[in-house]
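Working notes, structure below.
Quick note: numbers below take in every heavy atom, side chains included, and nothing from hydrogens, waters or symmetry partners.
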Amino acid sequence: MELYGYYRSTSSYRVRIVLALKGLAYTSIPVNLLKAAHKEHDYLAINPQARVPALLDQGNEAIIQSPAIIEYLEERYPETPLLPSTLQTDGLLTRAKIRSVAALIACDVHPLHNVSVLNYLRQHYQCSDDAINAWISEWIGQGLAAVEQLIGDVGYCFGQVSVADAYLIPQLYAARRFNVPLDAYPKILRVEALAEQHGAFIDAHPKNQVDCPETPQS
């Protein structure tokens with residue numbers, strides 16, 4: 001299994017968490033976004049969208065888009081499930097709640113602070129750094145405020161570790177990178193504290209990736 005990604009890409013980060021939680025071995029193949037490696041011919045042959053991550057499993061063609069990759073891993077390697085069984089009491093409803101949090105982050109929060117969006121704002125609307133920072137804080141703040149209301153009061157997002165946590169933790173990494181205040185989200189901070197002690201989340205952290213520079217770039 002090969003994972004093409006970038007150390008601080010939150011979408012790559014969430015896939016790494018799922019791989020680690022499931023105990024799946026893989027080869028990490030860095031794609032340096034700052035050097036435009038994602039736009040080179042060889043990588044475009046793998047992912048014509050020119051984004052990370054991309055996953056190759058057992059020599060099959062690449063799977064792109066982190067939600068699709070994570071769903072694939074959940075179905076292909078069910079031995080360590082990250083969604084509750086539909087046979088459990090309220091299992092189907094809890095699965096939907098977990099997916100709701102994942103989609104909120106992947107569809108409504110993360111895309112609005114993607115580097116391509118921020119660069120577009122700078123280049124086409126002449127947004128200042130202050131304006132960009134305000135933009136980022138607004139959308140991350142709105143998303144996390146909603147997540148705070150949706151998750152449970154004990155343990156991880158929904159008790160046991162799940163797909164929702166794999167989406168939330170990288171988003172918190174991005175929030176801290178952009179200096180977004182988090183004090184208003186005690187339930188989210190509880191989940192983060194648990195993840196900081198969990199081996200899978202530690203292994204998947206950007207600072208522990210082969211392509212993480214000694215001094216991470218801004």
Practice problem: Spell out, yes or no, whether I202 and Y167 are grouped together once hydrophobic residues are joined by side-chain heavy atoms under 4.5 Å, including indirect joins. | Solution: no

Quiz item: Hey, any chance Y156 and L189 share a hydrophobic cluster, counting ILVMFWY side chains that come within less than 4.5 Å of each other, even indirectly?
Solution: yes

Could you check whether any side-chain heavy atom of [X] comes within less than 4.5 Å of a side-chain heavy atom of [Y], counting everything from C-beta outward?
X	Y	value
Y6	L34	yes
V163	V101	no
W135	C127	no
V31	N47	no
V210	P30	yes
D211	N32	no
L168	I105	yes
L182	L144	yes

Quiz item: E196: what forms a salt bridge (Lys or Arg N to Asp or Glu O under 4.0 Å) with it, not counting sequence neighbours?
Solution: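 Checked E196 against salt bridge (Lys or Arg N to Asp or Glu O under 4.0 Å); zero matches.
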
Quiz item: Does S85 offer a backbone N or O that forms a donor-acceptor pair with the side chain of R95 under 3.5 Å?
Solution: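 Answer holds: no.
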
Exercise. Please lay out, stage by stage, how R177 and H113 fare under the test side chain to side chain contact (heavy atoms under 4.5 Å, CB included).
Key: CA-CA 11 Å; R177 180 183 161 210; H113 64 75; over 6 Å; no

Let me confirm one number: the [atom1]-[atom2] distance from [X] to [Y], rounded to the nearest 0.5 Å.
X	Y	atom1	atom2	result
I63	R76	CD1	CZ	10.0 Å
S116	Q123	OG	CD	10.0 Å
F158	L93	CZ	CG	9.5 Å
I188	Q171	CD1	CD	9.5 Å
I132	S137	CD1	OG	11.5 Å
Y4	Y26	OH	OH	14.0 Å

All pairs passing salt bridge (charged side-chain N to carboxylate O under 4.0 Å, His left out) where [range] contributes a residue, at least two apart:
range	result
residues 112-130	none
residues 25-47	none
residues 146-158	D153-K187

Identify the heavy atoms of [X] and [Y] that sit nearest to each other, and give their distance.
X	Y	result
I46	A54	CG2-CB, 4.0 Å
G141	Y185	O-OH, 3.3 Å
A174	T10	CB-CG2, 3.8 Å
A50	H38	O-CD2, 3.1 Å
P111	V117	O-CG2, 3.2 Å
I136	L118	CD1-CD1, 3.8 Å

Practice problem: Please check if atom CD in Q49 has more than 12 non-hydrogen atoms from other residues, nucleotides or ligands closer than 6.0 Å. | Solution: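 Yes, because the 6.0 Å sphere around CD of Q49 holds more than 12 heavy atoms from other groups.
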
Quiz prompt | Candidate pair V52 and Y43, rule side chain to side chain contact (heavy atoms under 4.5 Å, CB included), full reasoning | solution = CA-CA 10 Å; V52 293; Y43 186 69; 3.6 Å; yes

Practice problem: Take F201 and L194 through the test side chain to side chain contact (heavy atoms under 4.5 Å, CB included) and record every step on the way to the result. | Solution: CA-CA 9 Å; F201 290 92; L194 290 172; over 6 Å; no

Exercise. Evaluate side chain to side chain contact (heavy atoms under 4.5 Å, CB included) for L104 paired with L150, printing each intermediate quantity in order.
Key: CA-CA 11 Å; L104 188 159; L150 292 170; 3.9 Å; yes

Exercise. Would you please say whether a donor-acceptor pair under 3.5 Å links the side chains of R51 and S11?
Key: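 S11 and R51 do not have a side-chain donor-acceptor pair below 3.5 Å.
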
Could you tabulate the donor-acceptor pairs under 3.5 Å formed by side-chain atoms of residues 66-73, not counting sequence neighbours?
{"unit_1": "S66", "atom_1": "OG", "unit_2": "R14", "atom_2": "NH1", "d": "2.7"}
{"unit_1": "E71", "atom_1": "OE2", "unit_2": "R99", "atom_2": "NE", "d": "3.3"}
{"unit_1": "Y72", "atom_1": "OH", "unit_2": "D57", "atom_2": "OD2", "d": "2.6"}

Quiz item: Does the gap between the ring centers of H205 and Y173 come in under 6.0 Å?
Solution: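 Yes, the ring of H205 comes within the 6.0 Å limit of the ring of Y173, centre to centre.
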
Quiz item: Taking the six-membered ring for Trp, are Y120 and H124 parallel (under 30°), tilted (30 to 60°) or perpendicular (over 60°)?
Solution: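 Ring orientation, 0 to 90° scale: parallel.
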
Name each donor-acceptor pair under 3.5 Å that joins a side chain in residues 16-25 to protein atoms two or more places apart or in another chain, with its distance.
{"unit_1": "R16", "atom_1": "NE", "unit_2": "A204", "atom_2": "O", "d": "2.9"}
{"unit_1": "R16", "atom_1": "NE", "unit_2": "Q209", "atom_2": "OE1", "d": "3.4"}
{"unit_1": "R16", "atom_1": "NH2", "unit_2": "Y7", "atom_2": "O", "d": "2.9"}
{"unit_1": "R16", "atom_1": "NH2", "unit_2": "A204", "atom_2": "O", "d": "2.9"}
{"unit_1": "K22", "atom_1": "NZ", "unit_2": "E74", "atom_2": "OE1", "d": "2.9"}
{"unit_1": "K22", "atom_1": "NZ", "unit_2": "Y77", "atom_2": "O", "d": "2.8"}
{"unit_1": "K22", "atom_1": "NZ", "unit_2": "T80", "atom_2": "O", "d": "2.8"}

